[in-house]
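To keep things clear, I will list the structure first and then write my remarks on it.
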There are 2 protein chains.
Amino acid sequence: MGMWERNRNVQSSEPVTLKTLAHELGLNVSTVSRVLNDPLGPGSRWASQKTNEKIFALARDKGYSRNPYAASLRTAKSNMVGVIVPRLQDYVLATIYEGIDEAATAHGLFTVVANSLDVAANQRVKAEMLLDRRADGLIFGDAHLNEPYLDELKKRGTPYTLVSRSSEGHISVTCDDHAGGRLIAEHFIATGRGTFGVIAGDSNTSTSRDRTAGFLAALGENGIAVPDEWIIHGGFDATAGQMAAKQILQSRQIPEGIFAVNDFAAIGALGVLQKVGMRLPDDIALAGYNDTPLAEAVNLTSVRSPLHEMGSLGLETVLGLMAGHDVDSRKLEPTLVVRASG
Amino acid sequence: MGMWERNRNVQSSEPVTLKTLAHELGLNVSTVSRVLNDPLGPGSRWASQKTNEKIFALARDKGYSRNPYAASLRTAKSNMVGVIVPRLQDYVLATIYEGIDEAATAHGLFTVVANSLDVAANQRVKAEMLLDRRADGLIFGDAHLNEPYLDELKKRGTPYTLVSRSSEGHISVTCDDHAGGRLIAEHFIATGRGTFGVIAGDSNTSTSRDRTAGFLAALGENGIAVPDEWIIHGGFDATAGQMAAKQILQSRQIPEGIFAVNDFAAIGALGVLQKVGMRLPDDIALAGYNDTPLAEAVNLTSVRSPLHEMGSLGLETVLGLMAGHDVDSRKLEPTLVVRASG
DNA sequence: ACGTATGCCGCAATCGTTTGCTTAGGTCTC
DNA sequence: GAGACCTAAGCAAACGATTGCGGCATACGT
């Protein structure tokens, strides 16, 4: 056991509180509280050196741990930030959440996460649930375009920020999805392709919109247009990718490259393409987005976004808001990861 | 807005508490508290019908929401259960956690999750952190064999349960991994293979041990032995799978089938096998475990375990423990999912 | 020697709920 | 008509920590 390890094995059925400590030391709880809370630790100037040490020693011996509920009640701060994600099963959001939680822990906060399953109504329900738990701040990973709930929150003055997806008028930490789309387009062009399809995801999200727009913009600058029937919206998962790929394959012609705005959708498409006997990258090129471990596993070209960092920056952002600072949105840089698929 | 939607837009900077309501109604806070908490809702017998209705109406109008910290302080219950997983990025654990959280929400509890990165020391640190937050119970998804911390917890009388992995002497909710291993072995044998390798994962976990043991046992019953150098331990991720596959390929002979106890490891192996030009299932059969979406995406034979259910049962289990009931470990049934890989 | 600063610490109110114990009036029973 | 029993509430003491406001020493400056 480390030197500072609290002694949990103490048999006293009575929980040890400040009062316990104070009484045992012949001090007042206020003194004990101040010393224990002083950022200077045992160097606190709230009591004499000797008293400080005795307080810390006893606290350790008796396994004292502050009752966070009593503290939160008094201070009206929970030190908790709520996080709402579409789905934790999704590698991308799980990674972002890990970044959030790591940063939160580093700042002495804790997080509570909830799945919204990417439906707007749930977003509101889950957020209110978190607010009922007195979350000091909120982080949304499931922002939809034109969702009034966020405006409502803003009006109420609740500190919150978006991650992964942005929305006009709200502070967010995202990756530059427009640039990411461009990266793929430029790579496709550089490797000699000329006709393209897009598996564009949920059109109601900024990630779908921006990645697609960036891709199309870069193509446009090179004089390439993509026919509407080759821009297919749907979900972000493998099933959506399969359906989109099948739809594209039904055209008279087949594009030379397909950009799926999400790795999972790309994997779904990949399965379909392989099943009809197409070989990548010779018959067709395929690219995904987010550089998940799957992408590496199946040798899929993708765009890497700094997910973990996005999470920790998101936490710092909402922290700034909670402290009443002015903070700006952040946009991180994506990088291209070329693999065998195209 | 629904009829029961609280009015959050109320401009009063003052938070609305029981006192606010009681004062406005000319009642005592105790009455208001009892009525609002009564499971019978407005049918409560703590006050007259008329009073009940007025209380509920005012609470709704003023957007009252109970301060959980005050309540927890008084009742010494947090209604929170802590969950410790190796890593939320892992689809398997993320899914189990979803099951846990869903059940928790249904029971009016909430959960806080922490990553241990599958290192035993972190498990202790994270668990103690959760206990400091006054978790009423704990769920571990990262149990290692012979880990003394769990015994310690048991001695302290903390309600906890394991999910996904088991450990001797501790209550757990798992899938029957031994049976799962058998399923693959029997399938391999039925499809005519005779020599096998195992990518066995972290030997310090029950999942690794039991899946491998089940596989080997079924083979043994059919007179098939697996040489030690074809049983390769390591991690559960794609990298570990790659390394293991490379090691197996270095043998003079090559097995006719490989069982990876985890889909991610299987995917890693798959990439290596494909890179050296082997075709599945003709040249070699490959099977994974857990039936993740990846398995479906790459057409990998796998074993499906009811992950979501494992999570919700885990929550119910710890709930039972918290209520002081006697509860038993549960073992769920796996099912075989045959796909093109073998 | 006297005012003042500083070190060290205590008092007591407060946060919002919960809950055991009363109370006050009414109804019912025998 | 007295005791028993409801109904519909109120009183007040917790729960454990935080914090503004003092207070009593001792030291220090002049």
Side-chain angles (χ1 to χ4, degrees), chain A residues 12-40 42-56 58-59 62-79 108 131-134 136, chain B residues 12-40 42-56 58-59 62-79 108 131-134 136:
Chain A
S12 74
S13 49
E14 294 306 303
V16 23
T17 71
L18 282 186
K19 183 153 43 173
T20 321
L21 301 182
H23 186 259
E24 193 136 334
L25 291 165
L27 290 171
N28 188 284
V29 294
S30 63
T31 304
V32 180
S33 169
R34 281 190 254 250
V35 168
L36 252 21
N37 283 340
D38 197 293
L40 280 61
S44 156
R45 41 178 211 80
W46 283 109
S48 67
Q49 184 67 27
K50 193 165 286 182
T51 309
N52 276 341
E53 281 163 11
K54 285 202 296 191
I55 291 177
F56 274 96
L58 188 66
K62 306 208 71 136
Y64 170 76
S65 101
R66 168 213 276 82
N67 184 321
Y69 299 116
S72 283
L73 174 59
R74 180 62 231 263
T75 61
K77 297 247 125 272
S78 65
N79 290 325
L131 257 11
D132 279 351
R133 301 261 180 214
R134 301 300 197 268
D136 289 336
Chain B
S12 73
S13 50
E14 294 307 301
V16 24
T17 71
L18 283 185
K19 183 154 42 174
T20 322
L21 301 182
H23 186 257
E24 193 136 335
L25 290 166
L27 290 171
N28 187 284
V29 293
S30 64
T31 305
V32 180
S33 169
R34 281 190 253 249
V35 168
L36 252 20
N37 284 340
D38 197 294
L40 280 61
S44 155
R45 40 177 212 80
W46 283 108
S48 67
Q49 184 67 28
K50 193 165 287 183
T51 308
N52 276 341
E53 281 164 10
K54 285 202 296 192
I55 290 176
F56 274 96
L58 188 66
K62 306 207 71 134
Y64 171 75
S65 99
R66 167 209 282 85
N67 184 320
Y69 298 116
S72 283
L73 174 59
R74 178 63 231 258
T75 61
K77 296 248 126 273
S78 64
N79 290 325
L131 256 11
D132 279 351
R133 303 260 181 217
R134 301 302 196 265
D136 289 336

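Each chain gets a letter, A, B and so on, in the order its sequence line appears, and its residues count up from 1.
Contact check, B/Y69 against C/dT14: no side-chain N or O comes under 4.0 Å of OP1 or OP2. For B/N28 and D/dC11, the shortest distance from a side-chain N or O to OP1 or OP2 is below 4.0 Å. Checking the phosphate oxygens (OP1, OP2) of D/dA9, a side-chain nitrogen or oxygen of B/S48 falls inside 4.0 Å.
A/R34 comes within 4.0 angstrom of a nucleotide base, judged by non-hydrogen atoms across all strands. Residue A/T51 is classed as a sugar-phosphate contact, given heavy-atom separations below 4.0 Å to backbone atoms only. Nucleic acid contact for B/S33: base, since at least one base atom lies under 4.0 Å from a heavy atom of the residue. Within the 4.0 angstrom heavy-atom criterion, base atoms lie near A/S30.
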Q: Please step through side chain to side chain contact (heavy atoms under 4.5 Å, CB included) for the pair A/T20 and A/Y64, ending with a clear verdict.
A: CA-CA 9 Å; A/T20 321; A/Y64 170 76; over 6 Å; no
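Each of A/Q49 and B/T75 was matched to the nucleotide of DNA chain C holding its nearest heavy atom; the match closer to the 5' end belongs to A/Q49.
The distance between atom CG of A/N67 and atom P of C/dT14, rounded to the nearest whole Å, is 21 Å. At whole-Å resolution of the value, NZ in B/K77 and C1' in D/dA14 are 17 Å apart. Between the CG atom of B/N52 and the P atom of D/dT7 there is a distance of 13 Å, given to the nearest Å.
The side chain of A/T17 approaches D/dG16 more closely than any other nucleotide in the set D/dG16, C/dT17, C/dG10.
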